[in-house]
Every structure is written in C-alpha cells, then in structure tokens.
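I have placed the structure first, in the form of structure tokens, so that the comments after it can refer back to it.
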Amino acid sequence: MIQTYINEIGQYVGKEVSIKGWLYNKRSSGKLRFLTLRDGTGLLQGVMFKDDADEGTFSLFDRLTQESSLKVNGVVRQDHRAPGGYELAIRRIELIQIAEEYPISPKEHGTAFLMDHRHLWLRSSKQHAILLVRDEIISACRDFFHERGFVLVDAPIFTPNASEGTTALFETEYFGEQAYLTQSGQLYNEAAAMAFGRVYCFGPTFRAEKAKTRRHLTEFWMVEPEMAFYDLADTMDLAEDFITYLVQRVLKNKEKELILLERDLEKLGKVVKPFPRISYDDSVQILQEKGIDFKWGEDFGAADETILSNEFDKPIIIHRYPLKSKAFYMKTDPQNHQLALCLDVLAPEGYGEIIGGGQREDKLDELEKKIKKHKLPFEVFKWYLDLRRYGSVPHAGFGLGIERTVAWICGRSHLRETIPFPRLLSRIYP
RNA sequence: UCCGGCGUAGCUCAAUCGGUAGAGCGGGUGGCUGUUAACCACUAGGUUGUAGGUUCAAGUCCUACCGCCGGAGCCA
C-alpha cells in the first residue's frame, strides 16, 4: 500500500493508495457516495459504490461528520468530473475520530464568529491559501538576503529602550526592572551591521497603539535589512529589488493560491523595478494639484497615500520627509536641513506603506543632539552611541511589514487574515 | 481615544405603525447510481447581549453598561 499526500496523487494513477486526513464535505446519491478529503496539501474527491466497498466502510460513511479524521484507501483514477482532475475509488475507510458537530459550515459566517474560531478557520481553503502565500513570502525574504550575502543576526524581543517613541510600547517587568517588547530590531541591527557589514533580522514586533483599523496589528512580523556603507540611493535600489523578488516568487510558486483568492495576476505582474521615486515635496505638490488641502510638514493619511499610489501601477518610493516628524536616528539631508534621508514604499491599489526606513545618523555629536531634542534618556542609548565612537560609517536600512505585504499580494482588505493568530486591539483569543 | 453602526435559533439574517418569533444553512430521520456549498420530504431547535424604565402590551421606544463591526488619528 502506498502512503501518499493529495498533492502527489497524480503520480499514482491506477494504483491503490492510502491517504490520512479529514472529511471536508460529503454527498450521496442513492447507492453512490462522494466525499471530499482534506489532508493539508489539498482536497481530493473520493467515490464509493455500494457494491465496491466493504459493508463496514459503506455504513461508516453515513456516520461521518464534517472534519472527522480518517484514513482512506482506494485506487487513483483520472476523471474530469472530479475537482482537481483526480479522484479516489474508495475501497476502505478507517475511522480515527468522529468529529463533534463542526461550527464552521460551508455557508457564510460573520467576521466575529470566524475570529473566535480562528483555530478552526485555518482549515478553510481561503485561509489556507493566504497562509501558504505568507510561507512563500517568508522563505523568499530569507532567500533574497541569504543569496546576496546578508547575515541573519536576530535582535532581542525584550529591550530596555524605546526606538520610536514611548507611546506605543508594551511594558513588562524584567526581574524587577522595567522592560519593553521590541517595536523594531533596528538599533541592534545597526550594531550587527558594524560587525558583519550587511545583515538582516526577522521577527515579531509589538506596538501598543490603540489603532483599530484594517491596517494594524499589535503583534506583527518585520524583516529589517541594515547595511554598512549604504546611502539612501543604495537603499532605494535594494528595496526595489527586494519587492520585485518577493512578488515574482509568489507569482511563480503560488499562482494556484492567488487564483483561488481571486487576485488580479496582471496587476502583480507589473511589479518590476524600477519604481517611481518621488520626493515628499513633489508628493505634497501632487496632492495640492488634486485639490487636497494638505500642508507641508504633515504626515500623509491613509486617503492621501491612496491618492498618491493610484497615480501609478507599481509600488512607489517616497523619500526625504520633514525631519521633525521622524524618529531621532534619521540622518538630516545635507542639501536641506528640514528633511530626513528616509524612504517609505507604498504598495499600489491603496494598500499603503509596506516599507519604512532610511539612512541613519552616523555622527556622534549630531546623534547626541537628536536624542536631546527628542527628550530621550541617554543611559539606555549608551551602547548605541558607542557605534558612532568606534569606526562609525554611513549606513542605512529599512523594515518591511510581512502582514501588509501578504495582504497586498493576496488582495485581502484586512491584516487579520494574513497571520495565523492575529493580535488586535480587542482580541487576544484564541 | 473619538465618530458611526449592529447585538434575535449552532451560523447568516427576517419580523410593516409597539400587538406576543420566522426562513435558509447546519443537526436528526427517510429517499435518490456522478455528486461538486448536491437535491427532495419530514423533524427538533428561542430567557431576542445585560440591567433598569415607559406602556394594557416591548425584539421594536428610552437610559446605562458590555461586546462586536466599520472609519479616523498613528504606523509596518
């Protein structure tokens, strides 16, 4: 008996195989029985005539409930009437467990109900497809950097310092001392870049923002490259190559899943470098020409980002934002002291910011001034300032939000479907 | 945190001017030899989010609270 998985079934036409899985659905018509089996790799239709299967198996079928676990033996054959083109002529079913009445029926459900049953919702075909795309994107991130000689140097999750400001931090206690869950691996990444040249970190990050939108999670994953001797232009090149690579990898390896999600593949196909590069100044002008009441110095709102990205059919890079609205470590533009050498990448179709980053302040005295200006405590940044004392070099980096990237590539409107167990303002269960 | 909306069967929803709870799906039972979220017949299933209030009468009106959904600020 050949033990196999549904996605490999095509190799065994005419042979008897055994598959372990769960009952996705069943139908019957007189002395004829159909079941759809799910094994994690795909769905397969099984057919059984009363005369072909043994008696125990035939009566067992009628007791099977949705999501019951079982082992099915049968002969593989090609049949155009079966979804996927192959079906199993069932000879024998071995029961593992009869499932209790399964809460998620094949009909419609509301968001709150599905989120309460996220641990079961993962079994549904769309959720399955999204998480397969996520898996592909994560492997592609690692491959991209590894192939280019970047070293993975992960940053800690417990930290004593706030990298972006103190409002959105999750506080915790660390053996009697105050600690925070990391918002970004960047500061540690800079230390790693001074050790290894080009590095990246990849892990969960935490932000206690009371943001109740489709574009925010309190726990999300970020991949952050950091490069010694890179300037802003080098970093824009890297961001372009990176996003192009991710999208093309998913198109190549997860086309089936994108089709199931009804994603417009043509739009994704257009995501190839170069991307439009627009300065903040020019972006403001574009908005004002469209009649938007936007004042220089403000940050773009979700609506503004959509207006800007709708001008193009690829991601766009917006660079050199006003310095005052940016984090303390951003390097000032030597051409214009009001601007920071930073970049954001906005995904097309209104998906908004997927990358934020820029060149870091590499001069010790400038960095000290910036810490003072932002009223941040010096003690916790002592080690960080050391990086500017011992062989400081120009360097830059960025962070890409995994869930926003998955949402954009999958064409999902809400981030909660792009991570297995989302953590939201009003949800920490299941 | 602010603004708006919604809480009715396991799920998705309906219930006219305030007049006493209804359908589809799912479950159960029976039927059907090619079904695709199968179909057909029958059937069980309700303290209408919680606590007050108005009224002869409240799912429906009022107040408070709780929960969820959508949006905003901020960000990846």
Side-chain angles (χ1 to χ4, degrees), chain A residues 24-36 43-52 58 62-63 65-67 77 79-84 87 89 99-117 120-121 124-125 163-165 167-168 182-186 203-224 239 298-305 321 325-327 343-347 351-357 398-408 413-416 418-419 424-427 429:
Chain A
Y24 198 70
N25 197 0
K26 67 174 188 180
R27 302 169 288 280
S28 69
S29 178
K31 302 284 174 280
L32 186 55
R33 299 285 186 272
F34 296 94
L35 60 75
T36 305
L43 298 176
L44 178 68
Q45 172 165 288
V47 196
M48 182 168 45
F49 287 94
K50 191 171 177 128
D51 300 335
D52 298 351
F58 201 79
D62 293 329
R63 287 166 44 222
T65 53
Q66 189 185 355
E67 288 300 317
R77 62 182 175 219
D79 193 312
H80 68 277
R81 292 169 297 188
E87 68 178 17
E100 289 178 29
E101 192 183 326
Y102 190 67
I104 303 178
S105 65
K107 277 276 182 174
E108 65 213 302
H109 297 282
T111 311
F113 177 81
L114 289 169
M115 289 301 295
D116 282 339
H117 295 84
L120 303 176
W121 191 23
S124 303
S125 56
S163 64
E164 310 262 345
T167 49
T182 184
Q183 289 184 303
S184 157
Q186 190 210 308
T205 54
F206 307 87
R207 299 196 186 172
E209 284 160 9
K210 300 232 163 148
K212 197 181 136 25
T213 83
R214 64 175 75 180
R215 301 175 50 210
H216 288 86
L217 297 168
T218 57
E219 178 180 318
F220 67 96
W221 286 66
M222 194 151 61
V223 56
E224 298 173 85
E298 287 175 10
D299 231 329
F300 300 125
D304 304 319
E305 285 185 353
Y321 283 69
S325 65
K326 289 289 171 182
L343 79 148
D344 278 0
V345 179
L346 306 187
Y351 279 92
E353 187 179 342
I354 53 172
I355 278 182
F398 60 80
L400 172 124
I402 292 296
E403 289 77 17
R404 286 190 183 174
T405 305
V406 175
W408 162 49
S413 63
H414 204 298
L415 246 45
R416 66 187 157 214
T418 63
I419 184 167
L424 301 158
L425 182 58
S426 61
R427 177 170 299 277
Y429 176 94

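Lettering follows sequence order; numbering is per chain, from 1. Because only heavy atoms are used, hydrogens play no part in the values below, and waters and symmetry mates are left out as well, while side chains stay in.
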Can you list the residues that meet the salt bridge (charged side-chain N to carboxylate O under 4.0 Å, His left out) rule with A:E305, with sequence neighbours excluded? A:R215
State whether the aromatic ring of A:F34 stacks on the base of B:G34, taking stacking to mean ring centres under 5.5 Å apart and ring planes under 30° to each other. no
Counting heavy atoms from C-beta on, name the nucleotide in B:A76, B:G73, B:U33 closest to the side chain of A:L415. B:A76
Sorted by chain and residue number, the side chain to side chain contact (heavy atoms under 4.5 Å, CB included) partners of A:L415 (sequence neighbours excluded) come out as A:L217, A:E403, A:R404, A:A407, A:T418
Could you write out RNA chain B as dot-bracket? Rules: Watson-Crick or G-U wobble, both distances under 3.5 Å, brackets [ ] for crossings, | for pairs with another strand, dot for unpaired. (((((((..((((.....[..)))).(((((.......))))).....(((((..]....))))))))))))....
Using a cut-off of under 3.5 Å, enumerate the N/O to N/O pairs linking the protein to nucleotides 29-32 of chain B.
| unit_1 | atom_1 | unit_2 | atom_2 | d |
| --- | --- | --- | --- | --- |
| B:C32 | N1 | A:G30 | N | 3.4 |
| B:C32 | N3 | A:G30 | N | 3.2 |
| B:C32 | N4 | A:S28 | OG | 3.1 |

Atom pairs, protein N/O to nucleotides 9-12 of chain B N/O, distance under 3.5 Å:
| unit_1 | atom_1 | unit_2 | atom_2 | d |
| --- | --- | --- | --- | --- |
| B:C11 | O2' | A:E108 | O | 3.1 |
| B:C11 | O2' | A:H109 | ND1 | 2.6 |
| B:U12 | OP1 | A:G110 | N | 3.0 |
| B:U12 | O2' | A:E108 | OE1 | 3.4 |

Not counting sequence neighbours, which residues clear side chain to side chain donor-acceptor pair (under 3.5 Å) with A:T65? List them please. A:S68
A:L425: side chain to side chain contact (heavy atoms under 4.5 Å, CB included) partners, not counting sequence neighbours: A:K210, A:K212
Among all residues two or more places apart in sequence or in another chain, which pass the side chain to side chain contact (heavy atoms under 4.5 Å, CB included) test with A:K50? A:K31, A:F58
Listed partners of A:S124 passing side chain to side chain donor-acceptor pair (under 3.5 Å), at least two apart: none
State which residues pass side chain to side chain donor-acceptor pair (under 3.5 Å) with A:H117; sequence neighbours excluded, sorted by chain then number. none
Any side-chain N or O of A:R416 under 4.0 Å from OP1/OP2 of B:G70? yes
Holding to side chain to side chain donor-acceptor pair (under 3.5 Å), I want the full list of residues that pass it with A:E219, two or more places apart in sequence or in another chain. none
Under 3.5 Å, is there any donor-acceptor pair linking the side chain of A:R215 to the base of B:G70? no
Name all residues meeting the side chain to side chain contact (heavy atoms under 4.5 Å, CB included) criterion together with A:R81; count only those two or more places apart in sequence or in a different chain, and write none if there are none. A:D79
